[in-house]
Visitor: 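Sharing a structure with you now.
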Amino acid sequence: MRDSGIFYVDFSDTVTVEDIKNYLFEFARLDNLPKNIYLLYDLTEVDMNLELVDISFISKLAEKVTSSYKTIRTAFLVDKPKITAYSILFNVDTSSEKILRNAFSTEEAALKWLKQQVSYNNPAKRILEL
């Protein structure tokens with residue numbers, strides 16, 4: 001966590017469905033996290049080869065392992081067309097209203113969006129910003 005309660009996750013090299021599944025299971029074991037989760041995934045150094053069924057599986061698993069949280073806001077930092085497409089498909093493959101996902105080409109834009117989400121979910125902070 002580097003900034004405003006936002007958790008940074010860097011993936012690099014070749015990432016498989018199994019890698020993502022293991023990461024999600026590890027995430028599920030973390031205790032004492034806030035009820036509103038803000039994640040920034042840096043996927044700029046990643047290579048993946050996924051099928052639509054993989055994206056759906058990962059999305060459903062992510063929803064399951066984060067089900068105890070009030071909100072989950074996820075920004076994906078992407079710079080390659082294939083990874084951008086995966087991120088967009090992952091973004092639309094959620095049935096939970098408490099989950100918002102978005103893809104960005106710059107860290108600045110991703111952080112701006114996540115910080116807006118932090119303010120939105122923190123009414124006291126919103127009042128202070130007015």
Side-chain angles (χ1 to χ4, degrees):
M1 189 164 46
R2 292 191 328 216
D3 191 8
S4 303
I6 297 169
F7 294 90
Y8 287 71
V9 181
D10 291 317
F11 284 108
S12 60
D13 301 320
T14 300
V15 175
T16 66
V17 173
E18 193 66 25
D19 295 329
I20 297 169
K21 185 173 92 172
N22 291 337
Y23 161 76
L24 289 170
F25 286 140
E26 286 180 33
F27 186 89
R29 288 192 289 270
L30 296 175
D31 321 11
N32 301 321
L33 293 177
K35 286 297 179 186
N36 296 305
I37 301 290
Y38 307 95
L39 300 162
L40 174 59
Y41 289 97
D42 185 344
L43 304 178
T44 58
E45 300 296 321
V46 164
D47 184 36
M48 287 188 229
N49 290 302
L50 301 176
E51 301 291 328
L52 284 175
V53 68
D54 298 329
I55 294 168
S56 183
F57 170 78
I58 293 165
S59 182
K60 300 299 182 249
L61 183 59
E63 285 184 39
K64 182 178 179 181
V65 302
T66 58
S67 64
S68 65
Y69 297 100
K70 184 177 175 184
T71 59
I72 297 89
R73 304 297 186 246
T74 305
F76 298 101
L77 183 57
V78 295
D79 67 345
K80 296 174 203 70
K82 180 171 66 171
I83 304 302
T84 302
Y86 291 158
S87 298
I88 291 169
L89 290 170
F90 186 70
N91 294 347
V92 298
D93 191 31
T94 182
S95 58
S96 175
E97 292 182 11
K98 69 180 185 176
I99 296 173
L100 283 179
R101 302 168 178 155
N102 215 334
F104 299 90
S105 60
T106 67
E107 185 173 341
E108 180 183 3
L111 287 172
K112 181 178 179 181
W113 180 78
L114 282 169
K115 287 176 183 177
Q116 288 172 342
Q117 301 304 312
V118 171
S119 293
Y120 178 78
N121 286 318
N122 185 345
K125 190 171 184 174
R126 272 200 322 258
I127 290 169
L128 292 174
E129 290 176 350
L130 296 176

Visitor: Would you say that I20 contacts L24 through its side chain, given a criterion of any heavy-atom pair below 4.5 Å between the two side chains?
Guide: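 Heavy-atom side-chain distance check passes, below 4.5 Å.
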Visitor: Evaluate whether atom NZ of K60 has more than 12 neighbouring non-hydrogen atoms of other residues, nucleotides or ligands under 6.0 angstrom away.
Guide: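 Yes, NZ of K60 has more than 12 neighbouring heavy atoms, counting only those of other groups under 6.0 Å.
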Visitor: What donor-acceptor contacts under 3.5 angstrom involve side-chain atoms of residues 47-55, with partners at least two apart or in another chain?
Guide:
from	atom 1	to	atom 2	distance (Å)
D47	OD1	K82	NZ	3.4
N49	OD1	K82	NZ	2.8
D54	OD2	E51	N	2.9

Visitor: Which residues satisfy the ring-ring contact (aromatic ring centres under 6.0 Å, His included) test with F90, sequence neighbours excluded?
Guide: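 Expected list: F76.
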Visitor: Can you see whether Y8 engages Y38 through a side-chain donor-acceptor pair at a distance of less than 3.5 angstrom?
Guide: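 No, no side-chain donor-acceptor pair sits under 3.5 Å.
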Visitor: Starting from I88, can I reach V15 by hopping between I/L/V/M/F/W/Y residues whose side chains sit under 4.5 Å apart?
Guide: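 Cluster IDs for V15 and I88 differ.
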Visitor: Taking all non-hydrogen atoms of both residues, which atom of S87 and which atom of L43 are closest, and how far apart?
Guide: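 It is OG-CD1, 3.9 Å.
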Visitor: Can you give me the closest heavy-atom contact between A103 and N91, atom names plus distance?
Guide: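 Smallest interatomic distance, heavy atoms only, reads N-ND2, 3.5 Å.
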Visitor: Please round to the nearest 0.5 Å and tell me the distance separating atom OG1 of T74 and atom CG of L40.
Guide: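 Taking OG1 in T74 and CG in L40, the distance rounds to 9.5 Å.
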Visitor: Would you name the heavy atoms of S12 and V46 that are closest together and state the gap between them?
Guide: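 S12 and V46 have their closest heavy atoms at N-CG2, 3.9 Å.
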Visitor: Could you give the distance from CG (L114) to CD1 (I37), rounded to the nearest 0.5 Å?
Guide: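 Nearest 0.5 Å value for the CG-CD1 distance: 12.0 Å.
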Visitor: Regarding R101 and S59, do their side chains bring together a donor and an acceptor under 3.5 Å, going by distance alone?
Guide: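 Side-chain D/A pair, R101 to S59: present.
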Visitor: Do N36 and T71 meet the criterion of a side-chain donor-acceptor pair at a distance under 3.5 Å?
Guide: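 Short answer, yes.
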Visitor: Determine, using the 4.5 Å side-chain heavy-atom cutoff (strictly less than), whether L30 and L61 are members of one ILVMFWY cluster.
Guide: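 They do share one cluster, since a chain of ILVMFWY contacts under 4.5 Å joins L30 to L61.
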Visitor: How long is the span from the CD atom in E45 to the OG1 atom in T14, to the nearest 0.5 Å?
Guide: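 These two atoms lie 12.0 Å from each other.
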Visitor: Look up atom CG in L77 and atom CG in L111, then write down how far apart they are to the nearest 0.5 Å.
Guide: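 With rounding to 0.5 Å, CG (L77) is 8.5 Å from CG (L111).
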Visitor: To the nearest 0.5 Å, tell me how far K98 NZ sits from R73 CZ.
Guide: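 Reported value, rounded in 0.5 Å steps: 10.0 Å.
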Visitor: Hey, what do you get for OH (Y41) to OH (Y23), rounding to the nearest 0.5 Å?
Guide: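 Output value for this atom pair is 2.5 Å.
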Visitor: Strictly distance-based, threshold 3.5 Å: is any side-chain N or O of T66 a donor or acceptor partner for the main-chain N or O of Y69?
Guide: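 No; zero donor-acceptor contacts below 3.5 Å.
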Visitor: Let me know which of D79, D10, I83 forms a side-chain contact (heavy atoms from CB on, under 4.5 Å) with T44.
Guide: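 Answer to the side-chain contact (heavy atoms from CB on, under 4.5 Å) test with T44 among D79, D10, I83: D79.
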